[in-house]
Amino acid sequence: MEFSNIKSKFPIFKRKIKGKPLIYLDSANSSQKPKTVIDEISRFYENDFSNVGRSVHTLAVKATNKFEETRDIVKSYINAKHREEIIFTKGATEAINLVANTYGEKYISPGDEILVTELEHHSNYVPWHYLRKKKGAVIKFASVNDNGEIDVNEFKKHITGKTKMIAFTHISNVTGTIMPVKKIIDLAKTKNIPVLIDGTQGAPHSILDVQDLDCDFYAISCHKMYGPNGLGVLYAQKKWVDELPPYQGGGGMISEVKKDKISYAESPTKFEAGTMQTAEVVAFAKSIKFIQDLGIKNIENHESKILEYGLEKLRKDNSVNIIGNPTNRASIMSFTIKGIHPHDIATILDDDGIAIRAGHHCCQILHEKLGIPASARASIGVYNNKEDIDVLCESIKKCKKVFQI
Amino acid sequence: MEFSNIKSKFPIFKRKIKGKPLIYLDSANSSQKPKTVIDEISRFYENDFSNVGRSVHTLAVKATNKFEETRDIVKSYINAKHREEIIFTKGATEAINLVANTYGEKYISPGDEILVTELEHHSNYVPWHYLRKKKGAVIKFASVNDNGEIDVNEFKKHITGKTKMIAFTHISNVTGTIMPVKKIIDLAKTKNIPVLIDGTQGAPHSILDVQDLDCDFYAISCHKMYGPNGLGVLYAQKKWVDELPPYQGGGGMISEVKKDKISYAESPTKFEAGTMQTAEVVAFAKSIKFIQDLGIKNIENHESKILEYGLEKLRKDNSVNIIGNPTNRASIMSFTIKGIHPHDIATILDDDGIAIRAGHHCCQILHEKLGIPASARASIGVYNNKEDIDVLCESIKKCKKVFQI
Amino acid sequence: MELKELYQEIILDHAKNPRNKGKCEGYNHHAKAHNPLCGDKVHIYLKLEDKNISGLSFEGEGCAISLASASILTDTLKGKDLQFSKKVTDDFLNMLKNKTKITLNSLSADQITTISSLSGVQEFPMRIKCATMAWHTLLSALENKGLK
Amino acid sequence: MELKELYQEIILDHAKNPRNKGKCEGYNHHAKAHNPLCGDKVHIYLKLEDKNISGLSFEGEGCAISLASASILTDTLKGKDLQFSKKVTDDFLNMLKNKTKITLNSLSADQITTISSLSGVQEFPMRIKCATMAWHTLLSALENKGLK
Ligand SMILES: Cc1ncc(COP(=O)(O)O)c(C=O)c1O
Ligand SMILES: Cc1ncc(COP(=O)(O)O)c(C=O)c1O
């Protein structure tokens, strides 16, 4: 597959926005879906649909096999050791809630510390906040430096004998900072502290090898990987899927149910209560295939070329302030323009067919630290190209014209 | 729309199973999807997809509007009073977990009682069991009588001053028993006890008017209403959505996030953490339209005619034992055949293209009470007809032939 | 071009030079609001004397639409009668919700033009909250009985 | 017709008249298993003496496949050497997983026919667990060192 004609693989790019071609720079929010993924959803519902893991008729068997095949595909893709380490969730948010809730229930006592960072998305802070409320845990924040980076020493500073979890993002969804994941995990291992990586932004843009990383948990949102919405993956190391109690209760996750006691299934079933997404899981196999056909290394290269090009162009405009200047950055450029609120920028850009996001991007703590209520964010996916950046920069000029700056 | 050619609205019925037409009698497990619903998912992903409630660009606005439109459609369909009473979840299982978790956290103390029934699906028992484990709650069970019914007096017997929740199914997914919902709710109201209805089987087969019912909570699985999988609805009365704490933590559900405290959004946003299902919610509007076009009253009639026909035919076979004999029954026939295990029945039926379910149907307590480890279940949806029942009965004869009974 | 409808001169003027910013002297009602999606904030202060809004001001940060809206609100209703102000607020909210026109007799033609400048927001659904937040907050402040 | 492959005479016979049901006398190992999906249960009892399975029986309820499988298992391995039994078990599980044939010399032709009668399950993926559960449970029982 070639990047040159890649927009043609995504039906959405046939669409015009206010009469102009769609320039989609909001992939960090959610990515568009290739035709292969969309078609697989229809194909499955039209030909093979049945609930999975419940019945023994032909459709149920086919559906269950397809569903479990995706689990194997995900397992190989992220190089997990065991298939039961792959748990399907509603999204990264549910994945992190699952860990915070079940790990918290079993291992967190009053005064125990959870170390997160100032870069975290609310999804990787609010669930830990619940443990603060319910269990008397203490939350510590590793600070970002002026470039939007957090090095391993900053983590070291905050680790104490009471640190029971280190949870941080693989790639910041505001600054694009690629965290020194391996170093932080290595540090945590020396202290025997489990590590959860919020891989929501990492997974679509990086080679993943969870065995090499040796993280305890890795959370993924499928909808940012050119996959269906309403689906996520939690990778959890074998020892955790064995030790953690179940999360939601319901059909499928039990072993034996009596009036006075209940025993639970093994992982991954233990963590997959109720009727799961089905077509979505099946179609996610096509998302991974799409990524593999392009090659994740090629994706990284492609995107970083566009990112470099974009950063360079934006830097030339004095009224544009790019947020963060990390040495290792992926796919994300957040910025402000003096005198124009990000919301207004987004509206004006939209008039040129450009989709970006304006707001705090679910990172209020970072924005408070930066002293700004909001920012504009252009984020890059496989389908973007340098021309998209050119249109973006032209439109930024227009913002200034509208606002007479 | 006519029932006579309704299979043509469902692409799956073009499929052959072992060379024979598909006879789908597993709708209580999950229903098949009409073409309008499947096409809406593709249409949405191909033309309008964007994350909802996050960005201000054209696609985001369209997507958000479509998403919220479905909320309004659901609100009208079940006759809720306020749109914020409609919360989208992953399924009925998540809906019940949400209530058990948030209500339990705030209102359940050691010794408080939760009244469920012996008919309950594991989804409406395991989440309450968690409160038994975590909060010291006591679970009481209203008993089924020999017909598979539970009358309001049976509930009355178990209510005490410590009863803090009554949770029961609208329609049993094993016996098809239609519960005397209104009477039980009226009883509960006189004692000021909140009521949760597991409407998973009720919603696809009954007229719903939650204001008339006056239940506190009503849980729905969209995938049993000819809608997408991985989607459910929790109806929760205004006072509860205002009073209950949030469930999962993450993006979207917050108001203000600081390092030391967090405040939450209003309902429904408060309960919808993270990136939600999108195409699924949008397409669910088409499921409701499908049901409305047929008319839910007509569906009830159509299905009950087939049910009566089926029960009558099965009763003629002495080796078939139909589970339960409730006066009010909907769409479900579970049975056993002496000398043939339900799993074997399902396998032999499948050879004739018939999809049923065999097992305990996530109702181990009921099966234990009945003294059987498993049963075979044929469940009826809009697309079934009397010929399907004829094929079923022929194939049951074949079971006996294979087993030389 | 719709964009020009949205960012009219009047709006840009109010956004860049908001009127009545800060806490008005002797205010006895106030309320604040926050749009968690974009971070817009507004805090309305008002002094109610004998059913008359004798003082009215705001603090806030946000986009041009939300700032202009708060500024225009204070400018329009300062010194006005309570009932009348509620009526204008209703009319304003109605204008954005139902695309009706503002036609109150007791507003000057100028004031009507100013308020109506925000009607361009009608075509930008995601921005309606930006335009209405200050007005909803005014209503909250009026309900809020407590001194300061 | 595949169905006939699945429900062969031998299987129906074992399902209807399971051999070695109950607790064998003097058993010193046991293990049980349960398939939560369909409710199948099996409990294997065995008496291990000098690396020989001198007693072997089962209790259980379930479908024809699972009952026949448990019955055939006990019938085939009772009185057999421990190592040998493990090898037969591996071969059996392999037959269902990889569609290999059972060819052990030390089983009689009859026994091979009997065991192989369960190979029809290969074509019914959802039923494989029914056929393998007893065998997995035997392995658990062998690992389980405790007396009774
Ligand atoms: C009565 C009943 N309650 C709850 C559920 C759980 O619904 P879901 O699996 O869609 O979450 C089901 C269906 O499996 C059911 O039949
Ligand atoms: C860094 C990060 N973490 C977590 C999330 C939450 O993912 P989701 O909303 O898919 O659950 C997101 C996306 O919104 C994100 O960017």
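Values below: every heavy atom of this structure, side chains too, minus hydrogens, waters and symmetry copies. Letters go in sequence order (proteins before strands), and every chain restarts at 1.
Ranked by heavy-atom pairs under 4.5 Å with chain A, the first of B:G249, B:P245, B:A100 is B:G249. Note on A:M276, A:K224, A:H361: by heavy-atom pairs under 4.5 Å with chain B, the leading option is A:M276. If you tally non-hydrogen atom pairs under 4.5 Å between each of A:I41, A:T347, A:V116, A:L59 and chain B, the highest count goes to A:L59. Across A:P246, A:C363, A:G91, the residue that shares the most heavy-atom pairs under 4.5 angstrom with chain B is A:P246. Top candidate by heavy-atom pairs under 4.5 Å with chain B, chosen from A:T278, A:N29, A:I17, is A:N29. When each of A:N229, A:I254, A:V126 is checked for heavy-atom pairs under 4.5 Å with chain B, A:N229 comes out on top. For chain A, the option among B:E105, B:K18, B:H121 with the highest count of heavy-atom pairs below 4.5 Å is B:E105. The candidate from B:G232, B:S31, B:C362, B:G251 with the greatest count of non-hydrogen atom pairs under 4.5 Å with chain A is B:G251. Between chain A and the options B:H129, B:M253, B:K35, B:H360, heavy-atom pairs under 4.5 Å are most frequent for B:H129. Top candidate by heavy-atom pairs under 4.5 Å with chain B, chosen from A:L22, A:D48, A:V37, is A:D48.
Taking both residues in full, the closest heavy atoms of B:Y247 and A:Y130 are given as O-CE1, 2.7 Å, listed atom of the first, atom of the second, then distance. Across every non-hydrogen atom of A:D26 and B:S55, the tightest pair is OD2-OG, 2.8 Å. Residues A:T93 and B:G274 come closest through the heavy atom pair OG1-CA, 3.3 Å.
The part of A:T89 that comes within reach of chain B is its backbone (N, CA, C, O), which places non-hydrogen atoms under 4.5 angstrom from that chain. No part of B:F13 comes within reach of chain A, as not one of its non-hydrogen atoms sits under 4.5 angstrom from that chain. Neither the backbone nor the side chain of A:R377 comes within contact range of chain B; no heavy atoms are under 4.5 Å apart. Contacts of A:N51 with chain B are made by both backbone and side-chain atoms, with heavy-atom separations under 4.5 Å. Both the backbone and the side chain of A:P228 come within contact range of chain B, judged by heavy atoms closer than 4.5 Å. Using a 4.5 Å cut-off between heavy atoms, A:I354 touches chain B through its backbone atoms (N, CA, C, O) alone. Proximity to chain B (any heavy atom under 4.5 Å) is shown, for A:F10, by neither the backbone nor the side chain. Heavy atoms of A:S221 lying under 4.5 Å from chain B are absent altogether. For chain B, the nearby parts of A:A273 are the backbone and the side chain; heavy atoms of each come within less than 4.5 Å. For A:K62, the part lying near chain B is the side chain, with the backbone staying farther off; criterion is any non-hydrogen pair under 4.5 Å. With a 4.5 Å cut-off on non-hydrogen atoms, A:K134 touches chain B through its side chain but not through its backbone. In this structure, chain B has a heavy atom under 4.5 Å from the backbone of A:I356, while its side chain stays farther away. Of the atoms belonging to A:F49, heavy atoms from both backbone and side chain fall under 4.5 Å from chain B. Looking at A:I12, the atoms closer than 4.5 Å to chain B (heavy atoms on both sides) sit in the backbone and in the side chain alike. Interface residue A:E118: only side-chain heavy atoms are found under 4.5 Å from chain B.
Put simply, the side chain of A:Y24 never gets that close to the backbone of B:S50: no donor and acceptor are under 3.5 Å apart. Between the side chain of B:Q248 and the backbone N or O of A:I96, no donor-acceptor pair lies under 3.5 Å. Counting only distance, with no hydrogens or angles, the side chain of A:Y45 and the backbone of B:D39 share no donor-acceptor pair below 3.5 Å. In this structure, B:R15 contributes its side chain and A:N47 its backbone to a donor-acceptor pair below 3.5 Å.
Atom NZ of B:K133 is surrounded by 12 or fewer heavy atoms from other residues, nucleotides or ligands within 6.0 Å. No more than 12 heavy-atom neighbours from other residues, nucleotides or ligands sit within 6.0 angstrom of NZ on A:K261.
Expressed to the nearest 0.5 Å, how far CD1 of B:I365 lies from NZ of A:K258 amounts to 9.5 Å. Separation of atoms CD (A:Q277) and CG (B:L231) is listed at 10.0 Å; rounding is to 0.5 Å. Atom CG of residue A:D260 and atom CZ of residue B:F141 lie 8.5 Å apart, to the nearest 0.5 angstrom.
Look at B:E94 and A:K90 and you find a salt bridge, because one of the NZ, NE, NH1 or NH2 atoms lies within 4.0 Å of a carboxylate O, short of that distance. Using a cutoff of 4.0 Å between basic side-chain nitrogens and carboxylate oxygens, A:E46 and B:K14 are not scored as salt-bridged. Salt bridge annotation for B:E368-A:K259: absent, with no cationic side-chain nitrogen under 4.0 angstrom from a carboxylate oxygen.
Annotation: side chain of B:L349 is not in contact with side chain of A:H57 (no heavy-atom distance under 4.5 Å).
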